[in-house]
Asker: 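Pasting a structure below so you can have a look.
A note on names: the letters A, B, ... follow the listed sequences, proteins ahead of strands, and every chain is numbered from 1. Note that these values count all heavy atoms, side chains included, but never hydrogens, waters or copies made by symmetry.
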Amino acid sequence: MQLRFLVPVLTFVAIAVVMWYALFNLNPTEIPSELVSKAAPEFSLEAVPGYGPGLAKSDLATGKVVLLNVFASWCVACMVEHPFFMELREQDTVDIYGLNYKDTPTAAAEWLQRHGNPYKRTGMDLKGRVGIDFGVYGVPETFVIGPDGTILDKVIGPLTRPMFDMRIRPLLKGAES
Amino acid sequence: MIAEIGQFVVILALITAIFQGTVPMLGAGQGSQPMMGFASNAALVQFVALTIAFICLTVGYVTSDFSILNVASNSHSLKPMLYKVSGVWGNHEGSLLLWAWILALFGLAVALFGRNLPDTLKARVLAVQGLIGVGFLMFILFTSNPFERLDPVPLDGNGLNPLLQDPGLAFHPPFLYLGYVGLSVTFSFAIAALIEGRVDPAWARWVRPWTLAAWGFLTIGIALGSWWAYYELGWGGWWFWDPVENASFMPWLAATALLHSAIVVEKRDALKNWTILLAIIAFSLSLLGTFLVRSGVLNSVHAFATDPARGVFILIFLIVVIGGSLLLYGIRAPMMKGGGLFAPISREGALVLNNLLLSTATATILLGTLYPIFLDAFTGAKVSVGPPFFEATFLPLAIPLIIVMAFGPFMPWKRADLAGILARLKFALFLALLFVGIIMWWHFETPVMALVGMGLFGWLLFGSFFEWADRIKLFRGPLSKSWKRMIQLPRSAHGMTVAHIGVALVILGITASEAWQSEHLGVMTPGETVTVGGYEFRFDGVETLAGPNYEADRGTFLASRNGSSGVFLYPEQRRYTDPPMETTEAAIRPMLSADLYVVVGEGDGQGGYAVRIYHKPFVSWIWIGSLVMFMGGLLSLSDRRLRLGAPRGARNQTPRTPEMSEAKG
């Protein structure tokens, strides 16, 4: 038996083992629950060129509920939620902070210029380090941050109006009362 | 009652499949004629049983029988009839039933059209088809039963995701499945050949029509899917490198490689092991796609509702089918005699290069698709691999591939003269460069990649045309002689030219629409006019209309150019009630030179509306090109050499030698 003919099956075995592990131990839609109701991780990032003075952990504890949106110029689903963010900004419903994830400064700036800027401040996470601390697994994700800077909830995937009304609006009201 | 009949015939089909998978396989080993003949009958029974099952489920949908769980969760009494029918396969359970039905259809086709196959090969091919059927039917019965009853019966159903209520998507899955399942036939031929221990030019000729058909269906299926994304998602994009899109693109690339390598087997009796491996890989990638979409391992916009039990089943099925067949390959392939070596500068050399590039591209996409899972499993880090990765890795492979595509057909078998070919291609090269020059003159600031793209388009278009003209000696003699040559040229040669030109047209569409798109994004008030891409768009306002199962805000735009009377465009923003969801219906005016693409969004409360207007030059050519590729496949399929039942000579080429002993493996 020649070993080189076994390369395909061995490759497949490796893939199958990881798949098996992934099936039982990984859940792509799971929210890392340990993060919810904990303080946001420590970070400090520079802004997307031309879009604000940068973003750090201290900017998130504002005394009111705010959103931290993870976005990227290469992310299609981000374009889907973007008009809704623009609307939230226009109606001044809630302050939104933008965490630009694994992007290039020029691409991010162009993207914001082209589609509009809904963010109060932006920060560039060029290497995705801050994303790891936040447990970001994909883009877009939106974190709901409480008045004292704790993470209240996290929405995976594009944020839509029904989801906003259902999950985030009650948190906004709760903070007011 | 309907559901019980459906359930019963699916069980019947499973039992038949079990026998179809075993009896002919044993019969082929023992040389028993009746046992081998059983395969065709079993294939017929399976097909009839699954046809009945499919009709039963369709009746359930059409009559809105909400006592069937599947209908209640995916349909609604107010849904238009087209979507009631397409709803049958617009969900996990129903789509699996469609899968199984198409598998049975192909099984029957092999039984009917495979009369000129050697009996043992035919019996084994059908047996492997039967075994694949066993896997799918068990999956349906044990984890995804479409006929499960619901008690108490709800008053109305949950409705189908409105994004899926669309003609493009209604026909996208059937074509895609025809492609996936078509590859199962090639796979079965490969497994049968491994068991028989023999691959010869006749084998390659039998496999070719099935590969061509599967490839053609995949082409159409993928094109329909991207067309849907283009007009339904409302952002004008048509390919997102989403895991689900990759899942359909990988088998397509593998099938394209297979189509080309099988030619080498047929003409030169070489590359046999590689071709067998490609046949296994192409179908494995189809199965892997099914797993990724339905198991919940990857998160994607397209993914079906997931259930861990299903994931476990599919994974076990994958391990048995893919692992088993690759193991069989590892054991049997070394015994297969390969053909002689060949010169690198030759037709077969060009085809090997084609295969190397295509399979590397497939592997790259597989890597990008699986990487997040691997990284998560090993380090716990969650990442998503986006278009930057795929564009950076796919383009460097696609560019040489396209360059070789124009060269390859000029090369004769065995040994080619590179200088002579370059001499014949210099005119194509000149035209391609001229073309690039004209574009630079017309639009100096064109990005480099756009120039490369347009150059490749010209090179491939003219190169393919000159090759064809060369063959019929166009303009090198009287036209009547060329005409006669053209008639006599095998259809497969015409098919190749047409398919390659189709690829060139797709390149044109991609390059032009990416490089010269103009757009306007912003708030417009009624009466306002903007100019995009040389067209004036007048916004006339928004009115609210009621649809059959939704309410829509419909905008009216008048697009005109140079004071012409213009065309009206009516983009919509729809609000569906069951399930509650908003969708964007872009208004598109497709033209050969460009698409006008208008989307209307939410109002700003002061009479203005968020509006997106795009002018996308030549974007339609992406889909026209795909259609041309499909037509090339059809032409090639109609070649006399492949016409089913025609090649009587084929039988003589493969003397029925005594089979290799089964124990040898």
Asker: What part of B:Ala610 is in contact with chain A, defined as an atom under 4.5 angstrom from a non-hydrogen atom: side chain, backbone, both or neither?
Answerer: neither
Asker: Are there more than 12 heavy atoms of other residues, nucleotides or ligands under 6.0 Å from atom NZ of A:Lys120?
Answerer: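 Open.
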Asker: Of B:Ile322, B:Ile281, B:Leu327, B:Ile280, which meets side-chain contact (heavy atoms from CB on, under 4.5 Å) against A:Phe12?
Answerer: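 The residue from B:Ile322, B:Ile281, B:Leu327, B:Ile280 that satisfies side-chain contact (heavy atoms from CB on, under 4.5 Å) with A:Phe12 turns out to be B:Ile322.
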Asker: Atom CD of B:Glu519 and atom NE2 of A:His115: how far apart are they, to the nearest 0.5 Å?
Answerer: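 Result: 6.5 Å between the selected atoms.
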Asker: Set out, in order, the CA-CA distance, both residues' side-chain angles and the distance that settles side chain to side chain contact (heavy atoms under 4.5 Å, CB included) for A:Phe5 and B:Leu277, then state yes or no.
Answerer: CA-CA 10 Å; A:Phe5 287 98; B:Leu277 183 61; over 6 Å; no
Asker: May I ask you to check whether over 12 heavy atoms, not counting those of A:Glu46, lie within 6.0 Å of atom CD?
Answerer: no
Asker: Go through the atoms of B:Glu391 and report whether side chain, backbone, both or neither lie under 4.5 Å from a heavy atom of chain A.
Answerer: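 Contact with chain A: none, neither part.
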Asker: Taking every heavy-atom pair that is under 4.5 Å apart, which of B:Ser284, B:Gly324, B:Ser325, B:Ala333 has the most such pairs with chain A?
Answerer: B:Ala333
Asker: Quick one: are B:Leu288 and A:Met19 in side-chain contact, heavy atoms under 4.5 Å?
Answerer: yes
Asker: Quick one: which of A:Met86, A:Glu90, A:Glu87 has the most heavy-atom pairs under 4.5 Å with chain B, could you say?
Answerer: A:Glu87
Asker: Considering only heavy atoms, which portion of A:Ile15 lies under 4.5 Å from any heavy atom of chain B: side chain, backbone, both, or neither?
Answerer: both
Asker: Between B:Pro334 and A:Arg4, is any pair of side-chain heavy atoms under 4.5 Å apart?
Answerer: no
Asker: How long is the straight-line distance from CG of A:Leu6 back to CD1 of B:Ile331, given to the nearest 0.5 Å?
Answerer: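 Those atoms lie 7.5 Å apart.
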Asker: Please give me the minimum heavy-atom distance between B:Gly323 and A:Val9, naming the atom from each residue.
Answerer: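 Between these two residues, the closest heavy atoms are O-CG2, 3.6 Å.
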Asker: Are side-chain heavy atoms of B:Val312 and A:Trp20 found at a separation under 4.5 Å?
Answerer: yes
